[in-house]
Amino acid sequence: MTTNILFLCTGNSARSVLAEATLRAWGGNRFAAFSAGSQPTGTINPFALAQLSADGISSIGLRSKSWDEFTTPDAPRMDLIITVCDSAAAETCPVVFGDFLRTHWGLPDPAAVEGSDADKQQAFAWAHGIVKARLQALLALPPDTWTDRARLKTALDRIGLLQTKDEIRSDD
């Protein structure tokens, strides 16, 4: 069975796109990854595309889109929605309703970094490193975790606190 996951943010130009592309690359047939924004920019940040390329992850088919696309009757049914906006920076996270599990994996927006191209590139590399660490932890969840909604919610919330791959540890 394939688990449909929607990474949701505000602009759908950076963090959610990094997560979608990475899970598509790593998730095999276990996961179908999607991303969207509550106020999509309409374009993917070029530094996000460059970071995916640098990490050997395809960006084919990625686009900045509204989460409204996932509310239509013919849209794929989501099993899990992961918000990646940064509430610590007073960024408004989209509120969604439905019969799916929700978790928050807040992450500062690398697209908001000002400075040189090198500064921006570093911000995207750092953000993608955290996304990759969290997705590695998600992929490592034992199969029985996915059948227990409360246990899965706890595990997913814990994953959202990871900042580096060094923090990944097995769950009990």
#### Entry: Exercise: identify the closest heavy-atom pair between T10 and C85
OG1-CB, 4.4 Å
### Nearest non-hydrogen partners of P110 and A127, listed with the distance
CG-CB, 3.8 Å
### Message
In the structure I gave you, are the side-chain heavy atoms of W146 and R30 within less than 4.5 Å of one another anywhere?
### Response
yes
### Query
Within a strict 4.5 Å, meaning less than it, do heavy atoms of the D55 and K132 side chains meet?
yes
### Query
Can you tell me how far OG1 of T43 sits from CG of N45, rounded to the nearest 0.5 angstrom?
7.5 Å
### Query
Above 12 or not: heavy atoms from other molecules or residues under 6.0 Å from CD of Q39?
no
### Query
Side chain of R102, backbone of I81: donor and acceptor closer than 3.5 Å?
no
### Query
Partners of S35 by side-chain hydrogen bond (donor to acceptor under 3.5 Å, both in side chains), sequence neighbours excluded?
N12, E20
### Query
How many angstroms lie between CG in N29 and OG1 in T3, if you round to the nearest 0.5 Å?
10.5 Å
#### Entry: Side chain proximity check, D144 to D148, heavy atoms < 4.5 angstrom
no
#### Entry: Expected output: side-chain T72 to main-chain D68 donor-acceptor under 3.5 Å
no
#### Entry: Minimum-distance pair of heavy atoms, taken over all atoms of A123 and V113
CB-CG2, 3.5 Å
### Query
Under 3.5 Å, is there a donor-acceptor pair between the side chain of S66 and the main chain of E69?
no
#### Entry: L8 backbone acceptor or donor facing T83 side chain under 3.5 Å
no
### Query
What pair of heavy atoms forms the shortest contact from L162 to A137, and how long is it?
CD1-CB, 3.6 Å
### Query
Of the non-hydrogen atoms in P40 and S64, which two are nearest, and what is the gap between them?
CB-OG, 3.5 Å
### Query
Between the main-chain N or O of A19 and the side-chain N or O of T22, is there a donor-acceptor pair closer than 3.5 Å?
no
### Task
Quick one: pull up CD in Q51 and CD1 in I57 and give me the separation to the nearest 0.5 Å.
8.5 Å
### Message
On a heavy-atom basis, which atom in L18 and which in H128 lie closest, and how many Å separate them?
### Response
CB-CD2, 3.8 Å
### Query
Just by modelled atom types, is the A25 backbone N or O under 3.5 Å from a matching donor or acceptor in the S58 side chain?
no
#### Entry: Pairwise side-chain contact, D79 with I5, heavy-atom cut-off 4.5 Å (strictly under)
no
### Query
If we only count heavy atoms from C-beta on, is the W26 to Q136 side-chain gap below 4.5 Å?
yes
### Query
Hey, what do you get for CD1 (I159) to OG1 (T103), rounding to the nearest 0.5 Å?
8.0 Å
### Query
Using 30° and 60° as the class limits, which term best fits the ring planes of W105 and F7: parallel, tilted or perpendicular?
tilted
